[in-house]
Participant: 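Have a look at the structure that comes next, please.
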Amino acid sequence: MIDINILRNNPELVKENIKRKFQDQKLPLVDEVVELDKTLRLLKKEGDDKRREKNETSSQIGKLIAQGKKDEAEKMKALVGKINKRITEIEDEEQKISARVKKIMLTIPNFVSADVPVGKDDSENVQLNTYLEAKEKPFEVPYHTEILEKLGGIDLDSARRTSGQGFYYLTGDIARLHSAILTYARDFMIDRGYTYVIPPYMIRSDVVSGVMSFDEMDNMMYKIEGEDLYLIGTSEHSMIGRFMNTILDEKSLPLKLTSYSPCFRKEKGAHGIEERGIYRIHQFEKQEMIIVCKPEDSDKYYDELWQNTVDFFVSMQIPVRTLACCTGDLADLKYKSLDVEAWSPRQKKYFEVGSCSNLTDAQARRLGIRYKTEKGNVFAHTLNNTVVAPPRMIIAFVENHLNADGSVNIPPVLQPYMGGKTKIEIKK
RNA sequence: GGAGACGUAUCGAAGUGGUCGCAACGAGCUUGACUCGAAAUCAAGUUGUCGGUUUACCCCGGCACGUGGGUUCGAAUCCCACCGUCUCCGCCA
């Protein structure tokens, strides 16, 4: 969602942005929305004038009745009746047009940062940097489920019976490792000055439709039967929903928050759930970070956010790289986005473990997140990023720390969270 | 889950259909006066949002009294639904 004033004053700027983002695809209806907006304001003016007339006439009726002039009052009532009829007509027209405007506005993407590479889809994302050397193992690395099974750490068969495909039981040291990673991630972020938050894991439909499109909602969200509640797909939903339609105190910014939650996703559509193991699943847990800040600070905090994730993985001795999302892979609300990918010694390539985004004011505008300044209320900028999402991250963990005998090393930073253990041994 | 009370601006709070009354009044905050300075006192100002006009300010108007509908010429006020808060009872980790 972009500012309609920008469209009014400089539609060419919007068109250029769309061309850059979608390249040769057809343009959303910028000209149409500019015209409709003009009509809408004319209607608004006429409606306001009519309402004014109605208010004035009605209060005269009150005075006439007080003076006992009933006949005159009756005549005035008829007049207001006519005005009301016209007001209804105008309102119907306004509603029709503004629904159309809103629909088009939702398809107009956010402005894209000048440094976002141009490309058609995720295959044209651009590597920015690598951290730690991506080493291959001197032995063959098995599929992650096999590693985990040898460690006595996973039971997918039972999960399929109790819950179906896309669920898991983690057991023993692997379950403990899962918790340890999250707890360490929490402390890691708290140490960097972020406020820890545990949000609601279910949210109402009005919040859901605020934070995502209808299609996304259908493809991702589980609904609670008989209640107006949905299971969250990420804590970002509750974390950002928290500030919906609020006016924040300027002094409270930036809000730097880190949240934990389980995440529930249907994973209908594009990739599906058929991938083996725990890469893509219906239920996982995630430590997230979000920032709500002033517009002039969002570039700075974007870099801070992704750096947090890189540092976190490096501290656990897992090689990662950063990848700039190209224009074609960038969601409409995003100004800029970067994936953090972890090294997979088995696949000998990197795979996504986190995603960092600056939405500038697009999300705030859609949700009504503002802050008070001396000159009036302005829309804040919002950013979000993954700290870590096990169990997906467990895949990178066991592959990178795997020994030839099947055991898995625990890096020093995690050892305190694992009762001092330095290694997870295979189950005899 | 049951019974009751309630939701008004930054906070407290009045307001049971129009005029007297521009959402009273009180507190807070801002500015000014007074003062060597402060307190006290006095005066003025102090919600958001959309549109018109505008470089901007100002000004004019519409809308908003939890949210959404309804009744009426006219709704903070009457009716309906929903959301939320509080008190008591019940149940419970």
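In what follows, chains carry the letters A, B, and so on, assigned in the order in which the sequence lines appear, proteins first and then strands, with residues in each chain numbered from 1.
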Participant: Between B:G7 and B:A13, how far is it from one C1' atom to the other, in whole Å?
Facilitator: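 About 13 Å, rounded to a whole number of Å.
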
Participant: Base, sugar-phosphate, or nothing: which does A:Ile65 touch, judged by heavy atoms less than 4.0 Å apart?
Facilitator: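 Contact class for A:Ile65: base.
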
Participant: Partner lookup for B:C20, please. Criteria are Watson-Crick or G-U wobble with both distances under 3.5 angstrom; report none if nothing qualifies.
Facilitator: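 When the pairing criteria are applied, nothing turns out to pair with B:C20, so the answer is none.
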
Participant: What interatomic distance, in whole Å, is found between C1' of B:C42 and the corresponding atom of B:C6?
Facilitator: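 Per the computed distance, 38 Å lies between those C1' atoms.
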
Participant: Closest nucleotide of RNA chain B for A:Asn377 versus for A:Val80: which of these residues is on the 5' side?
Facilitator: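 Whichever sits nearer the 5' end wins; that is A:Asn377.
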
Participant: Counting Watson-Crick and G-U wobble pairs only, both distances under 3.5 Å, name the nucleotide matched with B:G68, or none.
Facilitator: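 The answer is B:C80, by the H-bond criterion.
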
Participant: Answer with base, sugar-phosphate or nothing: what part of the nucleic acid does A:Lys45 contact at a heavy-atom distance below 4.0 Å?
Facilitator: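 Sugar-phosphate: the residue A:Lys45, judged by heavy atoms under 4.0 Å, touches backbone atoms but no base.
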
Participant: Does the ring pair (Phe, Tyr, Trp, His ring centres under 6.0 Å) test come out yes or no for A:His282 and A:Phe167, once each step is laid out?
Facilitator: CA-CA 6 Å; A:His282 290 306; A:Phe167 295 90; 5.3 Å; yes

Participant: Which residue is it: A:Asp122, A:Leu323, A:Asp339? I am looking for the one with a side chain to side chain contact (heavy atoms under 4.5 Å, CB included) to A:Glu352.
Facilitator: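 Testing A:Glu352 for a side chain to side chain contact (heavy atoms under 4.5 Å, CB included) against A:Asp122, A:Leu323, A:Asp339 leaves exactly one candidate, A:Asp339.
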
Participant: Backbone N or O of A:Val378 within a donor-acceptor pair of the A:Arg370 side chain at under 3.5 Å?
Facilitator: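 Between the backbone of A:Val378 and the side chain of A:Arg370 there is no qualifying donor-acceptor contact (under 3.5 Å).
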
Participant: Say you draw a straight line from CD1 of A:Ile18 to CZ of A:Phe111; how long is it, rounded to the nearest 0.5 Å?
Facilitator: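 Going from the CD1 atom of A:Ile18 to the CZ atom of A:Phe111 covers 8.5 Å.
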
Participant: Using the P atom on both, measure B:C25 against B:A38 and round to a whole Å.
Facilitator: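 Each nucleotide's P atom is 29 Å from the other's.
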
Participant: Salt-bridged, A:Asp48 to A:Arg52, with N to O below 4.0 Å?
Facilitator: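 Not counted as a salt bridge, because no side-chain N and carboxylate O are separated by less than 4.0 Å.
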
Participant: Please verify the inter-ring angle class for A:Tyr260 with A:Tyr201; under 30° counts as parallel, over 60° as perpendicular, anything in between as tilted.
Facilitator: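 The arrangement is perpendicular - the two ring planes meet at more than 60°.
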
Participant: Could you tell me from which nucleotide to which nucleotide of RNA chain B, 5' to 3', there is an atom under 4.0 Å from chain A heavy atoms?
Facilitator: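 Range of nucleotides touched by chain A: B:G18 to B:G84.
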
Participant: Are A:Phe312 and A:Tyr184 close enough, and set up right, to give a ring pair (Phe, Tyr, Trp, His ring centres under 6.0 Å), and what steps lead you there?
Facilitator: CA-CA 9 Å; A:Phe312 177 78; A:Tyr184 167 55; 5.1 Å; yes

Participant: Roughly how far apart, to the nearest Å, are B:G15 and B:C89 at atom C1'?
Facilitator: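 Between the two C1' atoms, the distance is 34 Å.
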
Participant: For the residue pair A:Thr258 and A:Gln287, confirm or rule out a side-chain donor-acceptor distance under 3.5 Å.
Facilitator: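 The criterion, which ignores hydrogens and geometry beyond distance, is satisfied for A:Gln287 and A:Thr258.
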
Participant: Mapping A:Ala78 and A:Lys44 onto RNA chain B by nearest heavy atom, which one lands closer to the 5' end?
Facilitator: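 Here A:Lys44 is the residue nearer the 5' end.
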
Participant: Could you check which nucleotide pairs with B:G26 in any of the strands shown, counting Watson-Crick or G-U wobble with both distances under 3.5 Å?
Facilitator: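 Paired with B:C11.
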
Participant: Test salt bridge (charged side-chain N to carboxylate O under 4.0 Å, His left out) on A:Arg160 and A:Asp157 and set out the steps.
Facilitator: CA-CA 5 Å; A:Arg160 269 192 285 274; A:Asp157 292 341; 2.8 Å; yes

Participant: Under a 3.5 Å limit for both distances, which nucleotide forms a Watson-Crick or G-U wobble pair with B:U49, could you say?
Facilitator: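 Because both required distances fall under 3.5 Å, B:U49 counts as paired with B:G62.
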
Participant: Taking atom C1' in both B:A9 and B:U47, what distance in whole Å separates the two?
Facilitator: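 To the nearest whole Å, 5 Å.
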
Participant: Whom does B:C88 pair with, Watson-Crick or G-U wobble, provided both distances fall under 3.5 Å?
Facilitator: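 Its partner is B:G2.
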
Participant: Work out how far the C1' atom of B:A39 is from that of B:C50, and round it to whole angstrom.
Facilitator: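 My reading of the C1' atoms in B:A39 and B:C50 gives 44 Å.
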
Participant: Quick one, which residues of residues 51-62 of chain A touch RNA chain B with a heavy atom under 4.0 Å?
Facilitator: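 Output list: A:Arg51, A:Arg52, A:Lys54, A:Asn55, A:Ser58, A:Ile61, A:Gly62.
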
Participant: Could you tell me which nucleotide pairs with B:C42 by Watson-Crick or G-U wobble geometry, both distances under 3.5 Å, or answer none if nothing does?
Facilitator: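 Here B:C42 is engaged in a pair, and the nucleotide opposite it is B:G32.
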
